[in-house]
Amino acid sequence: QQQVKQSPQSLIVQKGGISIINCAYENTAFDYFPWYQQFPGKGPALLIAIRPDVSEKKEGRFTISFNKSAKQFSLHIMDSQPGDSATYFCAAMGNQGGKLIFGQGTELSVKP
Amino acid sequence: GAVVSQHPSRVICKSGTSVKIECRSLDFQATTMFWYRQFPKKSLMLMATSNEGSKATYEQGVEKDKFLINHASLTLSTLTVTSAHPEDSSFYICSARPPVGNYGYTFGSGTRLTVV
């Protein structure tokens, strides 16, 4: 019940295209869903996060779509750029803070 | 704001020696810090939760005598890998949670440990 399942494992997108990464969870006590971007040899950096009281959150080219009934959320990267090439992790956390549960990660490669 | 500094970024040590990794919250006080381990092309695996002024809470399967955690102040947690062996070689990352009510965890830049 603590798992967060992420797909795909890897993704290749042409420059200017849309990158879509999906995550699913089981624990309905989760109430915070962040996405992290990680470059090789670096720690993860918070990209965007959402709470279950909204269905969508957009920040620049990055959008989270959240489907509470399906217990799924996804990251959309519009106008993908080669500089977006990195590993992306979804995560979830229960109410009142606590441990972050990470998805398996998606290695994104944006081709010029 | 909410910067976490981790040091060193890379360390090579001989088998049997101990290595200490530092994690500092630079602009906020962190009563709780987290230590992760990451294998190549894998996700982050939570090792332990570091609590200021009390004992760390280790995840199942993590040897607390191998990975010593000390959180002596509100801005510093340390991870000491004792009697390191080649299988301890990995990427170690710390994370801190800013004050209560802010769910945005901030991660350090990681430490690449190589045991030879």
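In what follows, chains are A, B, ... by sequence order, proteins preceding strands, each numbered from 1.
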query = Taking everything shown except B/E87 itself, do over 12 heavy atoms lie less than 6.0 Å from its CD?
reply = yes

remark   = Okay, A/Q104 and chain B: the region with an atom under 4.5 Å from a heavy atom over there is backbone

query = With a 4.5 angstrom heavy-atom cut-off, which part of B/K42 approaches chain A: side chain, backbone, both or neither?
reply = backbone

query = According to a 4.5 Å side-chain heavy-atom criterion applied to Ile, Leu, Val, Met, Phe, Trp and Tyr, with indirect links allowed, do A/F62 and A/V110 form part of one hydrophobic cluster?
reply = yes

ask   = Counting distance only, does the side-chain N/O of B/S43 pair as donor-acceptor with the main-chain N or O of A/G103 below 3.5 Å?
value = yes

key: Cluster link A/V4 to A/I48, ILVMFWY, side chain under 4.5 Å   = yes

ask   = Are the side chains of A/Q38 and B/F107 in touch, meaning some heavy atoms are under 4.5 Å apart?
value = no

message = Between A/I101 and B/W35, is there shared hydrophobic-cluster membership here, with clusters defined by ILVMFWY side-chain heavy atoms closer than 4.5 Å?
response = no

task = Decide whether B/M33 and B/L46 are clustered together by the hydrophobic rule: side chain heavy atoms of Ile, Leu, Val, Met, Phe, Trp, Tyr closer than 4.5 Å, transitively.
result = no

ask   = So, do A/F102 and B/Y36 have ring centers that fall under 6.0 Å from each other?
value = yes

note = Among B/E59, B/R112, B/M45, the residue with the most heavy-atom pairs under 4.5 Å to chain A is B/E59

ask   = Which region of A/P34, side chain (C-beta onward) or backbone (N, CA, C, O), has a non-hydrogen atom less than 4.5 Å from a non-hydrogen atom of chain B, or is it both or neither?
value = neither

inquiry  = Quick check: closest heavy atoms across A/K99 and B/Y105, and the distance to 0.1 Å?
reply    = N-OH, 4.3 Å

query = With a 4.5 angstrom heavy-atom cut-off, which part of B/Q38 approaches chain A: side chain, backbone, both or neither?
reply = side chain

Linked, directly or transitively: A/Y88 and A/I20 (ILVMFWY side chains, under 4.5 Å) = no

message = Can you confirm whether B/L44 sits close enough to A/F89 that some side-chain heavy atom of one is under 4.5 Å from a side-chain heavy atom of the other?
response = yes

